[in-house]
Amino acid sequence: MSSISHKRPRPESSASCPCGSGQPFGSCCEPVLLQQQPAATAEALMRSRFTAHVLRDARHLHRTYLDSSRRPYDETKDAVDDVEWTRLAILAHEPGPRPDTAFVDFTAYYNVEGAEQALHEKSEFHRLDGHWLYVRSVRVGPAPVRAQLKVGRNDPCPCGSGRKYKQCCGR
């Protein structure tokens, strides 16, 4: 993937937003990208960051990432990778342990040589001075599958019969 610094043309305000929300670009991500209004939620910021990747808007990505937001924007260092992002699926938006933290679990899809690939990630966001910022990736890949607990001989049978496991399905 090569780094580039030029932006793609913005969609018309009436066009469907690249983030996949189903809303027009002008009432979804465009006001956030143009700094006309802050993202209302961590999910809204995630959607605007995905749209910024699609449009190759490195300035928006720079100012909405906690680490880089504290330093001046440098066009030569803050270029966006040349990736063709195609769609976004938000799987969960959860509040964090404190009121100004949140987590967004998402899958972002992109094309590589005509084949669709997926980036599944759970990201952490913090709200500072009324603005949501991307902090870090908490997990890359799908959530781990939890192993089913072993049923004890004297536990209720998981089939729902009301009998003990040893006298039902455990025979």
Side-chain angles (χ1 to χ4, degrees), residues 1 3 7-8 10-11 13 15-75 77-112 116-150 158:
M1 291 185 251
S3 291
K7 288 183 182 182
R8 287 188 170 169
R10 290 193 188 280
S13 293
S16 184
C17 191
C19 77
S21 67
Q23 298 179 15
F25 178 60
S27 60
C28 189
C29 291
E30 185 177 38
V32 178
L33 292 170
L34 295 175
Q35 295 182 282
Q36 295 170 342
Q37 70 184 42
T41 64
E43 179 182 342
L45 181 65
M46 180 63 234
R47 289 184 178 282
S48 75
R49 286 181 55 81
F50 176 82
T51 299
H53 278 288
V54 169
L55 302 177
R56 298 185 178 134
D57 184 347
R59 284 186 189 274
H60 181 71
L61 296 170
H62 174 86
R63 75 174 163 262
T64 59
Y65 176 43
L66 182 62
D67 287 348
S68 62
S69 69
R70 297 174 178 171
R71 60 178 165 76
Y73 175 74
D74 181 347
E75 190 173 301
K77 293 180 183 176
D78 295 314
V80 179
D81 287 334
D82 187 13
V83 175
E84 182 189 351
W85 294 98
T86 57
R87 60 189 173 107
L88 175 69
I90 302 290
L91 306 171
H93 177 215
E94 307 160 353
R98 295 181 311 280
D100 290 332
T101 62
F103 297 92
V104 178
D105 197 347
F106 68 92
T107 303
Y109 296 89
Y110 58 98
N111 281 329
V112 174
E116 187 174 63
Q117 303 291 318
L119 168 67
H120 190 136
E121 182 177 307
K122 183 174 184 177
S123 298
E124 181 177 356
F125 295 83
H126 292 181
R127 185 172 42 205
L128 301 172
D129 300 323
H131 295 277
W132 284 102
L133 295 169
Y134 168 79
V135 177
R136 66 188 176 105
S137 171
V138 177
R139 182 191 73 240
V140 175
V145 177
R146 295 182 186 201
Q148 195 172 21
L149 297 176
K150 185 177 177 183

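Please read all numbers here as calculations on a predicted model, not as lab measurements.
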By side-chain hydrogen bond (donor to acceptor under 3.5 Å, both in side chains), which residues pair with His126, not counting sequence neighbours? Glu124
Run the salt-bridge test on Arg56 and Asp82 with the 4.0 Å N-O cut-off and return the result as yes or no. yes
Using 30° and 60° as the class limits, which term best fits the ring planes of Tyr65 and Tyr134: parallel, tilted or perpendicular? tilted
His53 and Trp85 aromatic ring geometry - parallel, tilted or perpendicular at 30°/60° bounds: tilted
Can you find a pair of side-chain heavy atoms, one from Glu75 and one from Tyr73, that are under 4.5 Å apart? yes
Has Thr107 got a side-chain atom pairing as donor or acceptor with Ala89's backbone, closer than 3.5 angstrom? no
Any idea which heavy atoms bring Leu45 and Trp132 closest together, and the distance? CD2-O, 3.1 Å
Under the side-chain contact (heavy atoms from CB on, under 4.5 Å) rule, what do His120 and Leu91 come out as? Steps first, then yes or no, please. CA-CA 10 Å; His120 190 136; Leu91 306 171; 3.1 Å; yes
Any donor-acceptor N or O pair under 3.5 Å, side chains Glu43, Thr41: no
Shortest non-hydrogen contact from Leu66 toward Arg70: CD1-NH2, 3.3 Å
Any side-chain heavy-atom pair from Ser21 and Ile90 closer than 4.5 angstrom? no
Pro38 and Gly130: which non-hydrogen atoms are nearest, and at how many Å? CB-O, 4.1 Å
Non-hydrogen atoms of Asn111 and Glu116 that approach each other most closely: OD1-CA, 3.7 Å
How close do His93 and Ala42 get, heavy atom to heavy atom, and via which atoms? NE2-CB, 3.6 Å
Main chain of Arg71, side chain of His62: is a donor-acceptor contact present, judged purely on distance under 3.5 Å? yes
